[in-house]
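The structure appears right after this line, and notes come after that.
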Amino acid sequence: YGGWGAHGGGAFSGKDPSKVDRSAAYAARWVAKSLVKAGFVDRVLVQISYSIGVAAPLSVYVDSYGTVKAGKSDRDLLNIVLKNFDLRPGCITRDLNLKRPIYRKTASYGHFGREDDPDFTW
């Protein structure tokens, strides 16, 4: 996020979780953390792109920066993501439980990397 992980430039604060500027950024981090935690990679970038009025992502891209474990490829990782994560906005909202009243906390200390707070699973 920001200096290390790219995002599309849309603002997060002030937008409800149905807006993919916010929810898809959370989902991309959630997917990336899951791939690392599962031991598939040491480091990974997950990009998701959308079009207005189309629920399914137009594109999902995975780049392991060459850290993918032996026997797998970035394409294999992409297939794992597509089979295990429903990246439609409504499903992201459901799966990350984004309708909870948690957004005031993001006003300080940010949206990501909050390992000590169970409200931020991404």
Side-chain angles (χ1 to χ4, degrees):
Y1 169 61
W4 194 87
H7 74 90
F12 296 156
S13 299
K15 292 190 174 170
D16 69 76
S18 70
K19 305 298 184 243
V20 293
D21 300 71
R22 173 176 245 165
S23 58
Y26 295 166
R29 180 171 163 87
W30 172 49
V31 170
K33 282 180 64 176
S34 297
L35 292 171
V36 171
K37 187 174 183 178
F40 292 121
V41 294
D42 293 324
R43 172 179 155 173
V44 67
L45 171 71
V46 176
Q47 292 179 342
I48 312 166
S49 65
Y50 295 87
S51 178
I52 294 171
V54 179
L58 294 180
S59 172
V60 179
Y61 173 74
V62 176
D63 183 352
S64 70
Y65 299 102
T67 68
V68 67
K69 301 305 178 186
K72 297 273 186 225
S73 68
D74 285 359
R75 177 153 305 277
D76 294 329
L77 296 178
L78 175 61
N79 289 330
I80 289 168
V81 170
L82 296 176
K83 288 179 184 174
N84 292 282
F85 296 91
D86 191 336
L87 297 172
R88 295 174 294 167
C91 296
I92 293 170
T93 299
R94 177 197 67 211
D95 294 345
L96 294 179
N97 197 13
L98 295 179
K99 290 193 176 180
R100 295 170 292 143
I102 60 172
Y103 298 105
R104 183 175 294 224
K105 291 181 184 181
T106 65
S108 58
Y109 307 112
H111 299 261
F112 302 104
R114 300 175 67 144
E115 308 271 333
D116 60 334
D117 192 326
D119 282 334
F120 299 91
T121 57
W122 50 88

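Model, not experiment: these values are computed from the prediction.
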Once you round to the nearest 0.5 Å, how far does [atom1] of [X] lie from [atom2] of [Y]?
X	Y	atom1	atom2	result
Leu82	Leu77	CG	CG	11.0 Å
Ser23	Leu98	OG	CG	6.5 Å
Tyr26	Leu96	OH	CG	10.0 Å
Asp74	Thr67	CG	OG1	8.0 Å

Inset, instruction - Under the side chain to side chain donor-acceptor pair (under 3.5 Å) rule, collect the residues that match up with Lys72, sequence neighbours excluded. - result: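 Not a single residue meets the side chain to side chain donor-acceptor pair (under 3.5 Å) criterion with Lys72.
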Inset, instruction - Could I get the full list of side chain to side chain donor-acceptor pair (under 3.5 Å) partners for Ser34, not counting sequence neighbours? - result: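 Side chain to side chain donor-acceptor pair (under 3.5 Å) check on Ser34 returns nothing, list empty.
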Donor-acceptor contacts, no H, no angles, side chain residues 54-63, under 3.5 Å, sequence neighbours left out:
residue	atom	partner	partner atom	Å
Asp63	OD1	Tyr65	N	2.8

Inset, instruction - Could you name each residue pair satisfying side-chain hydrogen bond (donor to acceptor under 3.5 Å, both in side chains) that touches residues 75-84, not counting sequence neighbours? - result: Ser73-Asp76
Give the minimum heavy-atom separation between [X] and [Y], together with the two atoms involved.
X	Y	answer
Leu87	Ile48	CD1-CD1, 4.0 Å
Ala24	Ile92	CA-CD1, 4.2 Å
Ala28	Val46	CB-O, 3.6 Å

Legend entry - Phe85: ring-ring contact (aromatic ring centres under 6.0 Å, His included) partners, not counting sequence neighbours: Trp30
